[in-house]
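These values consider heavy atoms only, across backbone and side chains, with no hydrogens, waters or symmetry-generated copies.
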Amino acid sequence: MTVDIAELVRLRTLRPEAIAEAAARRERRPLLGDSGRLMIVAADHPARGALGVGDRKMAMANRADLLERLCLALSRPGVDGVLATADILDDLLLLGALDGKVVMGSMNRGGLQGAGFELDDRFTGHRPEDIQRLGFDAGKLLLRIDYDDPGSLTTMESTARAIDEMAARQLPVFVEPFLSHRTPEGKVGNDLSAEAVTKSIAIASGLGGTSAYTWLKVPVTDNPDDMAEVMATSTLPAVLLGGEVGDDQDGAYEKWRGALQLPTVRGLVVGRSLLYPADGDVAAAVDTAVGLL
C-alpha cells in the first residue's frame, strides 16, 4: 500500500469525526483466534521519542514510510494485530487497515527516552475509557523499576490503578516489566538476567486488585536457557517482546523459538526488528516470526 499523506491530512482537517466513525464500523474479532496464539506488530516507540533503529537514529521519523511498513505487516497471513499510540492507530483506522485485527492501545509514553524523568513514566497515551470508547481490544503499559529512582514508585502505583480500571471494563492489559538502572552516563538500561526478569514478573503479577485481565509482555533473558525457570514465576499468560534491533536476526528468532514452547507464553509482540529488518524485507521478516508460532 502507498499511503496518501495529503488525503490523511485532508480527512483530519475537514472531517476529524471520520476517525471515530472508522472505529465504530471496524470489524472486530476475539483477542485469540483458533490457534490460541498472538502475533502483534508494535509501533508505539515514536511517542516516547525512541525513533532509532540500530544505527539509524531517525528511522521511524517518516510517518508515511512507517504506515506503509505497518500496512504491509498487517496484511501478512498470521498477523493478528497492532500495538500503537493514538496518532498511529487513527491513521490506520482512516486507511482501513484494522478490520478483523486485534488493536492494542499504548497507555504510558511519558518516560521519554534519555530524559531525566524517564523512569517516572506517566500515562500520557490511551486511557482505559478511550480503549473502551473506540472499541479497541486491549491496552499495553510499560513498567520499568529502578530501586534507586523514586519515580519508579509513581509508575508502579499508576500501573496498579490502570490495571484496576482495565479490569473493571473487562479489557485485557499487557504489562511490560523490567528492572532497570542508570549507567554512569545517565542512560537507562534494562537488566535481562534471570534473577532480574524473575523479580520483575513477580512484581508485575501482583499489581492491582485483580489479575484476571492482566497479561505479561516479557523479554527473553540474556541466557535463553533460563526462560523455563523464569516463566515459572507466574501463571499469567505472556507474550514475548522483540527488543532492540541487532545484526543477528536469526539468533533472535532462535531465542523466541525456544521460549514460545513454554506453557505460559502465548505469542509475540515485535516492532522494529520486523518493521525495519536489516535486509529491508518486511514481509519475509514477519513471515518468519509468524512461522515460529
Side-chain angles (χ1 to χ4, degrees), residues 19 40-53 57-61 63 66 82-92 103-134 136 138-169 171-183 185-191 196 200 203-204 206-208 213-219 239 241-244 269 271-272:
I19 293 170
I40 302 293
V41 179
D44 59 341
H45 312 82
R48 207 170 59 78
L51 297 167
V53 178
K57 290 185 177 180
M58 304 298 284
M60 300 189 77
R63 183 52 56 89
L66 173 58
V82 63
L83 158 65
T85 45
D87 55 331
I88 293 174
L89 292 181
D90 289 346
D91 284 338
L92 292 173
V103 181
M104 298 172 58
S106 187
M107 302 175 73
N108 62 327
R109 299 279 83 187
L112 302 183
Q113 187 179 57
F117 53 83
E118 184 169 350
L119 289 163
D120 186 355
D121 205 348
R122 304 292 176 93
F123 282 71
T124 58
H126 286 101
R127 300 166 300 173
E129 55 262 43
D130 298 322
I131 294 171
Q132 182 181 50
R133 171 177 51 83
L134 292 163
F136 292 164
K140 171 260 178 181
L141 55 87
L142 178 61
L143 174 63
R144 292 175 295 177
I145 300 169
D146 182 346
Y147 280 43
D148 295 322
D149 191 320
S152 294
L153 182 58
T154 302
T155 304
M156 278 186 65
E157 183 178 21
S158 300
T159 296
R161 300 294 76 79
I163 290 170
D164 289 338
E165 291 182 33
M166 290 291 281
R169 293 169 170 81
L171 286 168
V173 58
F174 289 67
V175 180
E176 181 178 349
F178 293 99
L179 292 192
S180 304
H181 60 274
R182 287 191 182 272
T183 67
E185 296 75 30
K187 183 178 180 180
V188 174
N190 298 322
D191 188 343
S200 72
I203 293 166
L207 291 176
Y213 294 90
T214 305
W215 286 58
L216 298 173
K217 181 172 179 272
V218 300
V239 292
L241 62 91
E244 296 292 333
V269 178
R272 289 170 290 185

**OP:** Step by step, work out the side chain to side chain contact (heavy atoms under 4.5 Å, CB included) result for R122 and T154.
**Re:** CA-CA 8 Å; R122 304 292 176 93; T154 302; 4.1 Å; yes

**OP:** Apply side chain to side chain contact (heavy atoms under 4.5 Å, CB included) to the pair T155 and L119, showing each step before the final yes or no.
**Re:** CA-CA 8 Å; T155 304; L119 289 163; 5.9 Å; no

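Here the side chains of V53 and M60 are in contact, with some heavy-atom distance below 4.5 Å. Annotation: side chain of I163 is not in contact with side chain of Y213 (no heavy-atom distance under 4.5 Å). At least one side-chain heavy atom of F178 sits under 4.5 Å from a side-chain heavy atom of L241. The closest side-chain heavy-atom distance from K140 to I40 is not below 4.5 Å. Put simply, the side chain of H126 does not reach to within 4.5 Å of the side chain of M104, judged on heavy atoms. Side-chain contact between D130 and F136: absent, with no pair of heavy atoms (C-beta onward) separated by less than 4.5 Å. Within the 4.5 Å cutoff, the side chain of L171 has no heavy atoms near those of the E165 side chain. Inter-residue side-chain proximity for P177 and I145 is flagged as unmet; no heavy-atom pair is nearer than 4.5 Å.
With rounding to the nearest 0.5 angstrom, the CG atom of L179 is 12.5 Å from the CZ atom of R144. Atoms OG and CG, on S152 and D121 in that order, are 9.5 Å from each other to the nearest 0.5 Å. Considering CG of D87 and CZ of R63, their distance stands at 4.5 Å, rounded to 0.5 Å. Rounding to the nearest 0.5 Å gives a distance of 11.5 Å between CZ of R272 and CG of L66. To the nearest 0.5 angstrom, L143 atom CG is 6.5 Å from M156 atom CE.
Applying the ring pair (Phe, Tyr, Trp, His ring centres under 6.0 Å) rule to F174 yields the partners W215; only residues at least two apart in sequence or on another chain are considered. Taking Q132 as the reference, R169 meet the side-chain hydrogen bond (donor to acceptor under 3.5 Å, both in side chains) condition, with sequence neighbours excluded. Evaluation of the side-chain hydrogen bond (donor to acceptor under 3.5 Å, both in side chains) rule for S180 yields N190 as partners, not counting sequence neighbours.
Here the closest heavy-atom approach between residue L112 and residue A47 is recorded as CD2-O, 3.8 Å. Annotation for Q113 and G49: closest pair OE1-O, 3.7 Å, computed over non-hydrogen atoms. The nearest pair of heavy atoms linking L141 to A162 is CD2-CB, 4.0 Å. Smallest separation of non-hydrogen atoms from T85 and S106: CG2-CB, 3.9 Å. The minimum heavy-atom distance linking A204 with V175 is given by the pair CB-CG1, 4.0 Å. The heavy-atom pair separating D149 from G151 by the smallest distance is OD1-N, 2.7 Å.
With hydrogens and angles ignored, the 3.5 Å screen pairs no side-chain donor or acceptor of E157 with any backbone N or O of L153. Side-chain atoms of N108 come within 3.5 Å of backbone atoms of L142 as a donor-acceptor pair (strictly under, hydrogens ignored).
Ion pairing between a basic and an acidic side chain is recognised when a charged N comes within 4.0 Å of a carboxylate O; R182 and D146 show no such pairing. A salt bridge links E129 to R127: one of the charged nitrogens lies within less than 4.0 Å of a carboxylate oxygen.
Put simply, the residue from I19, L134, D44, V82 that forms a side chain to side chain contact (heavy atoms under 4.5 Å, CB included) with L89 is V82.
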